[in-house]
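A quick write-up on the structure given underneath.
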Amino acid sequence: ITRTVTINGGTSGGRVEIAGTDDGLIEYGLRFSNGNSIVSGLAINRFKEAGISFEGDGNILYETYVGTDITGTVALGTHENAGVLLYGSHNIITRCVLSGNLGAGAREVLYGVSINNTFSENYVGLDASGEFSLGNEYEGIEVKGYQSLITRNYFAGIDGDEDALENGEVALAVDLKMGGGHTVSDNIIGTDITHTKAFGNMIGIAVLGGTGSVIERNIIKNSILVGIVVAAVDFLNPLNQLANEHIFRENFIGYSQSDTTNISYGVVLVGKGTIDNSFVSNEIANNNLGGISTYSRGGFGPPSDAMITFDFRSDYRYGPFVLGPAGPGNSFVQNSIHGNGWLLNPLEGLGINLTTAKDPALEPELSTPNDIGDADEGPNDLQNFPILIEANRAGNSYRIKATFNSLPRQKFQLEFFRNTNNESQGEIPLKTKRIRTNIVGDKAFKVLLKGVVPGDVITATATLIKDKKHSSTSAFSNGLMLP
């Protein structure tokens, strides 16, 4: 279609089906070479490359099923590239079903070209009722440009099936590749519209390179590998691998309760160019391998042991990219991190792990010990954590005595947490305290904590203040049980 048109297949309350063939030999259902077209009320299925391709700017697609039959309940995708392909900018995809596709649900095609595309209120991987999973084999939505808005969508994996790894069904819900300035907000990932079914994606949100995106107020549940991964990669220039200054705030990442089937992390950061990212006021809960990990064994390539190495199947064509530990400057403040265990044992799990990982599927990770002067290198420069010494009653409060050693003559924000389940993570943020180390990097201090009771376990973290901003955050301190 070479001119601007309006196509409305649902004027009489029905829906018009545009179908290819079962062998999927026809390339496209609809292909628009111009911009500013409006398409609605269709069911598009069984085409080889894509159900619909927009090659211009300013197009609108709404209330259309791409990848299913006319009822929106049976997967008939084929669509090996994507249900919807976008080459341009300022396009809007809203209130659609993007499910059952052999490629992505929707994909921006060109790196660094598209700007301000919007994806809102879609069912991605769910059927038209929002209660059953049809999945997409690769990404739900993949963007490669700048300033896209992904908001108020539902994303579902393929029946939460861990065996899907062996079938190449990665079902990465949201994939931000390079670019930046995106907003991913208020999405529900890994369940249905009733929030009662586990339709976990292998990965909830992947931020692969880029800078300055905001990921906020999303519910990311039931992920099989990891809820959020941040990786320093550049698919065009391997010498410029950065993932920096992304903001993650007010997200739920994990499982509603302990679940024996998940072998997952809440958050994973990999690659030395993963720097200066901020995690604020998130809840990271009940992930069986740990809360936040600066994983060092990550890679991109053909699937081998994806459970351990994060060989994301959807990026086999770009890899391999072998990534080491994350870089410095990643801050974790005011988060609720709890119930994250090593294979169901929160007492052995790490809420924040800065170690260079061993094999977390075989043995629990251990927190990196402090070093005098904090001169060691690694993820977040292996920032030292406070040492909690003793707790004494002070009326209805407790006074905590502690010490801290790190870089000399630097400012730090110490954050204290209450844990109610005998674990040493960071369940309930209590209080922050600013300190400055002396000439040898020492600081002894006391802090008064309210709202705690005997039997609570108190932990703390330390975050370097650099250029008046939060920088590298430590792992959690030792746990101190209140008498």
Side-chain angles (χ1 to χ4, degrees), residues 156-166 169-173 189-191 195-206 218-230 248 251-270 279 282-298 305-312 332 335-367 417 419-427 457 459 475-476 479:
I158 301 178
D159 294 325
D161 183 5
E162 202 168 293
D163 293 335
L165 273 173
E166 299 179 2
E169 298 168 353
V170 171
L172 218 149
I189 298 174
T191 187
H195 295 212
T196 61
K197 298 176 182 177
F199 294 146
N201 297 270
M202 294 297 161
I203 299 148
I205 297 177
N218 302 284
I219 295 175
I220 306 166
K221 301 176 68 175
N222 307 313
S223 299
I224 295 173
L225 292 182
V226 57
I228 292 177
V229 63
V230 187
F248 303 83
N251 301 287
F252 175 85
I253 307 161
Y255 287 69
S256 298
Q257 57 189 2
S258 181
D259 185 316
T260 59
T261 65
N262 88 78
I263 306 178
S264 64
Y265 280 104
V267 175
V268 168
L269 297 92
V270 286
F279 289 78
N282 303 284
E283 183 177 3
I284 304 171
N286 302 316
N287 299 281
N288 273 354
L289 288 184
I292 298 173
S293 180
T294 54
Y295 213 80
S296 66
R297 300 181 70 244
D305 189 356
M307 276 295 183
I308 298 172
T309 63
F310 291 98
D311 287 328
F312 302 148
F332 316 117
N335 299 290
S336 172
I337 302 175
H338 62 93
N340 302 287
W342 180 70
L343 300 182
L344 289 180
N345 188 352
L347 300 184
E348 293 189 12
L350 293 181
I352 299 173
N353 172 30
L354 302 184
T355 61
T356 53
K358 298 178 182 178
D359 189 337
L362 299 179
E363 57 182 314
E365 296 170 326
L366 301 176
S367 184
F417 301 86
N419 296 273
T420 63
N421 294 316
N422 198 32
E423 57 187 49
S424 297
Q425 298 186 29
E427 182 183 358
V457 175
T459 55
F476 287 106

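Every value quoted in this text rests on a predicted model; they were computed, and no experiment measured them.
Of the candidates V267, I219, I337, I253 forms a side chain to side chain contact (heavy atoms under 4.5 Å, CB included) with just one, namely V267.
Contact record, S293 with N353: OG-ND2, 3.5 Å, taken as the closest heavy-atom pair. What you find for A173 and G204 is that their closest heavy atoms are CB-O, 3.1 Å. Among all heavy-atom pairs drawn from I228 and V226, the shortest one is O-CG2, 3.3 Å.
Interatomic distance, I284 CD1 to F252 CZ, rounded to the nearest 0.5 Å: 10.0 Å. Distance check: T294 OG1 to L269 CG gives 7.5 Å after rounding to the nearest 0.5 Å. Of the inter-residue distances, the one linking S223 atom OG with I189 atom CD1 reads 7.5 Å to the nearest 0.5 angstrom. Here the straight-line distance linking atom CD of E283 with atom NE2 of H338 works out to 3.5 Å at 0.5 Å rounding. Annotation: the span from M202 atom CE to I224 atom CD1 amounts to 3.5 Å, rounded to 0.5 Å. Taken to the nearest 0.5 Å, the CG atom of N335 stands 8.5 Å off from the CZ atom of F279.
A heavy-atom distance below 4.5 Å is found between the side chains of I205 and I220. Contact annotation: the side chain of N222 approaches that of Y255 to within less than 4.5 Å [non-hydrogen atoms, C-beta and beyond]. For the pair F199/T191, no side-chain contact is recorded, criterion being any heavy-atom separation below 4.5 Å from C-beta on.
Ring pair F417/F476 is perpendicular by interplanar angle, where above 60° counts as perpendicular and below 30° as parallel.
Checking side-chain atoms of N282 against main-chain N and O of N251 turns up a donor-acceptor pair under 3.5 Å. Of the possible donor and acceptor atoms, none in the side chain of N286 sits under 3.5 Å from a partner among the backbone N and O of G254.
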Item checked: side-chain contact (heavy atoms from CB on, under 4.5 Å) assessment of N287 paired with S264 -> CA-CA 5 Å; N287 299 281; S264 64; 3.5 Å; yes
Determine, stepwise, if the pair I352 / L350 fulfils side-chain contact (heavy atoms from CB on, under 4.5 Å). CA-CA 5 Å; I352 299 173; L350 293 181; over 6 Å; no
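Under the 3.5 Å distance criterion, with hydrogens and angles disregarded, a donor-acceptor pair is assigned to the side chains of T459 and N419. Using a 3.5 Å distance cut-off with no hydrogens or angles, the side chains of E427 and T420 do pair a donor with an acceptor.
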